There are 2 protein chains.
Amino acid sequence: MSNSKLYKGSLNTIILKLLNEHDKMYGYEITQKVKALTKGELKITEGALYPALHKLEAEGLLDVEVAKVDNRLRKYYKLTETGTKETVNKLEELADYIKTMQALVNPKLA
Amino acid sequence: MSNSKLYKGSLNTIILKLLNEHDKMYGYEITQKVKALTKGELKITEGALYPALHKLEAEGLLDVEVAKVDNRLRKYYKLTETGTKETVNKLEELADYIKTMQALVNPKLA
DNA sequence: ATATATACATAATTTTCTTATGTATAAGAA
DNA sequence: TTCTTATACATAAGAAAATTATGTATATAT
């Protein structure tokens, strides 16, 4: 059952990592990819995603390119050079966090 | 270097898990325990901790017992029965979240 | 004497979500 | 052909959960 809660702070990491793997993606595609990869466990809401994309763009981590497909708008995002570096940092941060949490929650294995 | 950021949402899990292992603890003790277990990686701030303890108490997950040691106040917290059950849930949630994040970030191992 | 450690607390602010809306086109079902 | 679902964007209001900045008070170490 059900829809892991998204721990606040991890959305940017998810976005950056997906863009690191897929070169360019548009918002809706990201929501679908996350759903697929997590077998429905995690659903990125639009209210969280779009502002996050705008912010990453404003910070210079993403570039945008608008396209029209089937008469519908798409905004393709891709990592800038800075974005690629930041992706590495974010992934390290996540790995550290997971390690840290395991030290707390499962101290016998640490 | 540095000081894992506390992903928002994980503090309650940490508190509950520590109380599950140590029977009763007071606030300051929790901050020190977390610092020790994570080798300084994670620092629980008082501004986050105390309100969290008060909330868990208000929700009936913790009981408090005030003590005076060396003329200084201590508030010992311990899990209620409900708190013990909730601890199990929170730990499962955390494990799910970690699994989900690994599916996203390291899809080859998933 | 002074700084650091112990021990609590709260208020203001910030970050980062969720929920609720809104617009618009395309495709599929009744 | 109408109605729903899917595709595709967006933003505003509100909630949750931190951080940062204070504040009080006692004990211990320098």
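Because the structure is a prediction, the values reported are computed rather than measured. Basis for what follows: all heavy atoms, side chains included, without hydrogens, waters or symmetry-related copies. In the text below, chain A, chain B and the rest are named by the order of the sequence lines, each starting its count at 1.
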What parts of residues 23-34 of chain B reach DNA chain D, counting only heavy atoms under 4.0 Å away?
none
Nearest heavy-atom approach of L42(A) to V34(A) is O-CG1, 3.6 Å
Smallest separation among heavy atoms of Y77(A) and L19(A), with atom names
O-CD2, 3.2 Å
[X] [atom1] - [N] [atom2] separation (whole Å):
| X | N | atom1 | atom2 | answer |
| --- | --- | --- | --- | --- |
| I44(A) | dT7(D) | CD1 | C1' | 18 Å |
| R74(A) | dA26(C) | CZ | P | 13 Å |
| L56(B) | dA16(D) | CG | P | 14 Å |
| E57(A) | dC9(D) | CD | P | 13 Å |
| K43(B) | dA18(D) | NZ | P | 18 Å |
| Y50(A) | dC17(C) | OH | P | 16 Å |

Considering only residues two or more places apart or on different chains, which pairs with a residue in residues 17-35 of chain A satisfy side-chain hydrogen bond (donor to acceptor under 3.5 Å, both in side chains)?
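Residue pairs with at least one partner in residues 17-35 of chain A: Y26(A)-R74(A).
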Y97(B)-S10(A) side chain donor-acceptor pair, cut-off 3.5 Å
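Side chains of Y97(B) and S10(A): pair found under 3.5 Å.
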For E86(B) and N89(B), which I'm curious about, is there any donor-acceptor pair between the side chains at under 3.5 Å?
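N89(B) and E86(B) do have a side-chain donor-acceptor pair below 3.5 Å.
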Do the non-hydrogen side-chain atoms of L62(B) and L79(B) ever get within less than 4.5 Å of each other?
yes
Determine whether N12(A) and L61(A) make a side-chain contact, defined as any pair of heavy atoms from C-beta on separated by less than 4.5 Å.
no
Heavy atoms under 4.0 Å is the rule here; annotate nucleotides 21-30 of chain D 5' to 3' with B where the base is hit, S where only the sugar-phosphate is, and - elsewhere.
-----BS---
For the side chain of P51(B), starting at C-beta, report the closest nucleotide among dC8(C), dT10(C), dA18(D).
dT10(C)
Closest of dT19(D), dA15(D), dT10(C) to the K8(A) side chain is dA15(D)
Measure the CG-OG1 distance between L11(A) and T45(A) for me, rounded to the nearest 0.5 Å.
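Answer rounded to 0.5 Å: 8.0 Å.
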Looking for any heavy atom pair under 4.0 Å, which part of the strands does K55(B) touch: base, sugar-phosphate only, or nothing?
sugar-phosphate
Does OP1 or OP2 of dC8(C) have a side-chain N or O of H54(B) closer than 4.0 Å?
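The answer is no; no side-chain N or O of H54(B) sits under 4.0 Å from OP1 or OP2.
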